Amino acid sequence: MNGSGKLKGKKALIVAVANERSIAWGIAQALHREGCELAFTYLGEALERRVRPLAESVGAKVIAPCDVRDESQVEALFHAVGDAYGSLDFLVHSIAYAERSDLEGSFVATSKNGFLTALEVSAYSLVSLTRKALPLMEKAGGGSIVTLSYYGAEKVVPNYNVMGVAKAALECCVRYLAWELGPKNIRVNAISAGPVRTLAAAGIRGFKTMMQTVQERAPLKRNVTLDEISDTGLFLLSPSGGGITGETLYVDSGYNILGM
Ligand code: NAD
């Protein structure tokens with residue numbers, strides 16, 4: 001721990017790390033540097049093998065399976081967090097999923113199941129996890145929640161398709177949750193991150209082109225780093241971001257300001 005320890009005694013739930021490239025893992029490391037205690041989830045046994053050693057390396061007391069579509073797993077997760085930590089200060093929601101065929105084909109061909117799956121896993125899960133986190137955050141006297149979005153929520157990005165619709169819903173959920181939970185001293189924000197190479201990114205056709213376009217056209221003429229996204233996550237979660245809620249903050253080398 002080389003940080004200032006300003007989050008000593010705080011507790012965070014990180015949903016979900018897949019491997020050491022995950023944005024969730026970057027944010028978790030930034031929180032750990034500041035002394036925060038962490039709980040982790042993983043999706044399925046194959047990913048457990050990647051996540052467990054990472055979580056253990058930062059002393060996590062909870063390393064639990066969590067498929068957000070499975071109510072019983074979500075229930076068990078929050079019981080485990082309550083038992084281990086008693087309260088919760090921070091929730092990192094870093095989840096997205098859409099059927100591969102819906103990220104390649106024609107948008108008009110999106111199936112009803114594909115649409116519902118993308119929206120359920122990538123957007124509704126913020127609402128359901130926040131609802132479960134509420135009692136634990138109230139015990140802490142408030143809390144802060146951060147989720148991850150992308151520019152395809154707002155503008156058309158080829159191949160992003162149904163995920164763009166899910167991210168638009170996600171950003172809107174952030175605003176409604178922020179409005180409703182503000183009086184409980186709970187803040188809710190999104191980071192709209194520029195492209196970074198992760199497992200989820202590997203599922204998006206033309207991802208290399210997305211990265212090249214940012215490098216050529218964004219004001220900073222480069223892509224963002226995982227550390228830059230993670231530091232913004234830390235900022236929004238911690239008291240440094242205390243006056244900010246309901247916001248979608250761009251960490252994208254300035255790409256979103258372009259008009260053409
Ligand atoms: P990642 O693959 O490391 O993380 C995605 C996580 O979602 C994985 O841990 C996966 O297990 C989890 N997940 C998928 N379906 C789930 C389910 N049903 N239940 C529980 N967990 C589930 O990739 P990442 O790029 O770090 O993605 C994290 C977030 O960042 C996503 O919301 C993604 O859309 C967003 N984001 C990524 C980029 C990028 O370029 N990588 C850019 C902007 C936003």
Side-chain angles (χ1 to χ4, degrees), residues 13-29 40-52 54-55 63-74 76-77 91-100 103 116-126 128-129 132 146-154 157 159-171 173-174 190-215 223-230 232-233 248-253 255-256:
L13 172 60
I14 314 292
V15 187
V17 172
N19 57 35
E20 69 288 346
R21 289 183 161 211
S22 293
I23 293 174
W25 175 239
I27 297 175
Q29 285 178 294
F40 288 86
T41 71
Y42 57 85
L43 179 68
E45 280 172 22
L47 287 179
E48 179 181 5
R49 284 194 285 279
R50 309 296 296 266
V51 175
R52 192 164 283 282
L54 296 173
I63 310 168
C66 177
D67 181 334
V68 292
R69 291 166 298 187
D70 182 339
E71 274 297 313
S72 62
Q73 281 192 7
V74 175
L77 165 67
L91 171 64
V92 175
H93 175 278
S94 189
I95 307 171
Y97 178 77
E99 302 289 348
R100 207 179 181 102
L103 293 173
L116 294 178
T117 299
L119 272 283
E120 180 186 5
V121 175
S122 315
Y124 178 69
S125 63
L126 177 68
S128 59
L129 292 179
K132 294 280 189 226
V146 160
T147 187
L148 272 299
S149 191
Y150 176 63
Y151 191 52
E154 200 185 320
V157 175
N159 301 315
Y160 206 60
N161 293 3
V162 71
M163 191 52 79
V165 181
K167 291 302 192 190
L170 179 72
E171 292 180 11
C173 290
V174 164
I191 294 171
S192 184
V196 284
R197 272 182 222 288
T198 62
L199 195 62
I204 298 166
R205 208 175 111 215
F207 186 77
K208 211 170 149 194
T209 310
M210 285 160 77
M211 292 199 83
Q212 274 166 357
T213 307
V214 171
Q215 192 163 341
N223 281 283
V224 294
T225 65
L226 181 56
D227 282 348
E228 288 167 334
I229 300 168
S230 306
T232 306
T248 297
L249 191 55
Y250 290 89
V251 182
D252 67 344
S253 301
Y255 187 80
N256 74 94

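FYI, the numbering just counts along the sequence from 1. Both counts, for ligands and for their atoms, begin at 1 and track the order of listing. Everything quoted here is computed from the prediction, not taken from an experiment. These numbers come from the heavy atoms of this one structure, side chains and all, not from hydrogens, waters or symmetry mates.
- Counting atoms of ligand 1 from 1 in the listed order, those under 4.0 Å from a heavy atom of Ser94 are 5 (C), 6 (C), 7 (O), 28 (C), 29 (C).
- Near Leu47, the atoms of ligand 1 lying under 4.0 angstrom from a non-hydrogen atom of the residue are 11 (O).
- Residue nearest to atom 17 (C) of ligand 1, selected from Asp67, Leu199, Val251, Leu170: Asp67 (by heavy-atom distance).
- Considering only non-hydrogen protein atoms, atom 44 (C) of ligand 1 sits nearest to Ser149 O, 3.0 Å.
- For ligand 1, the atoms sitting less than 4.0 Å from at least one non-hydrogen atom of Ala18 are 3 (O), 8 (C), 9 (O), numbered in the order shown with element in parentheses.
- Between the side chain of Thr147 and the backbone N or O of Ala190 there is no donor-acceptor pair closer than 3.5 Å.
- For ligand 1, the polar-atom distance check against Val196 finds a nitrogen or oxygen pair separated by under 3.5 Å.
- Side-chain atoms of Thr225 come within 3.5 Å of backbone atoms of Glu228 as a donor-acceptor pair (strictly under, hydrogens ignored).
- For the atom pair Thr198 OG1 and Leu226 CG, the distance stands at 9.0 Å (nearest 0.5 Å).
- Each of the atoms 1 (P), 3 (O), 26 (O) of ligand 1 lies under 4.0 Å from some heavy atom of Ser22.
- Residue Arg50 places its CZ atom among 12 or fewer non-hydrogen atoms of other residues, nucleotides or ligands, all under 6.0 Å distant.
- Taking CG from Asn19 and CG from Leu54, the interatomic distance works out to 8.0 Å, rounded to the nearest 0.5 Å.
- Rounded to the nearest 0.5 angstrom, Ile204 CD1 and Met163 CE are separated by 7.0 Å.
- Ranked by closest heavy atom to atom 2 (O) of ligand 1, the top entry among Ser125, Ala200, Ala98 is Ala200.
- Within the 4.0 Å heavy-atom criterion, the part of Arg69 lying near ligand 1 is the side chain and not the backbone.
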**OP:** Before giving the answer on side chain to side chain contact (heavy atoms under 4.5 Å, CB included), spell out for Val68 and Tyr97 the whole-Å C-alpha distance, their side-chain angles and the decisive distance to 0.1 Å.
**Re:** CA-CA 11 Å; Val68 292; Tyr97 178 77; over 6 Å; no

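- Remark: ligand 1 atoms within the under-4.0 Å shell around heavy atoms of Cys66 are 19 (N), 20 (C).
- For ligand 1, the atoms lying closer than 4.0 Å to a non-hydrogen atom of Val17 are 9 (O).
- Of all the atoms in ligand 1, the ones that sit under 4.0 Å from a non-hydrogen atom of Gly194 are 40 (O), 42 (C).
- Near Tyr97, meaning under 4.0 Å from one of its heavy atoms, ligand 1 places the atoms 15 (N).
- The proximity of Thr198 to ligand 1, defined as any non-hydrogen pair under 4.0 Å, is limited to the side chain.
- Atom-to-atom distance recorded for His93:NE2 and Ser122:OG is 7.5 Å, nearest 0.5 angstrom.
- Here's the thing with Ala16: one of its N/O atoms is less than 3.5 angstrom from an N/O atom of ligand 1.
- Here's the thing with Val68: one of its N/O atoms is less than 3.5 angstrom from an N/O atom of ligand 1.
- Heavy atoms of His93 come nearer than 4.0 angstrom to ligand 1 in no pair at all.
- Protein heavy atom closest to atom 34 (O) of ligand 1, with residue, atom name and distance, is Lys167 NZ, 2.8 Å.
- Between Tyr151 and Tyr255, the angle of the ring planes goes over 60°, which puts this pair in the perpendicular group of the 30/60° scheme.
- Within the 4.0 Å heavy-atom shell around ligand 1 one finds Phe207.
- At the top of the distance list for atom 14 (C) of ligand 1, counting protein heavy atoms only, stands Ala96 O, 3.6 Å.
- A donor-acceptor pair under 3.5 Å links the side-chain atoms of Asn159 to the main chain of Arg205, judged by distance alone.
- In plain terms, the two heavy atoms of Gly194 and Ile229 that are nearest each other are O-CD1, 4.4 Å.
- The closest non-hydrogen atom to atom 15 (N) of ligand 1, taken over Val121, Leu148, Ile23, comes from Val121.
- Here atom 7 (O) of ligand 1 lies nearest to Ile95 when heavy atoms of Asp70, Leu43, Ile95, Val74 are compared.
- Val214 has its side chain out of reach of Asp252: every pair of non-hydrogen atoms, C-beta onward, lies at least 4.5 Å apart.
- The nearest pair of heavy atoms linking Ala18 to Leu199 is CB-CD2, 4.0 Å.
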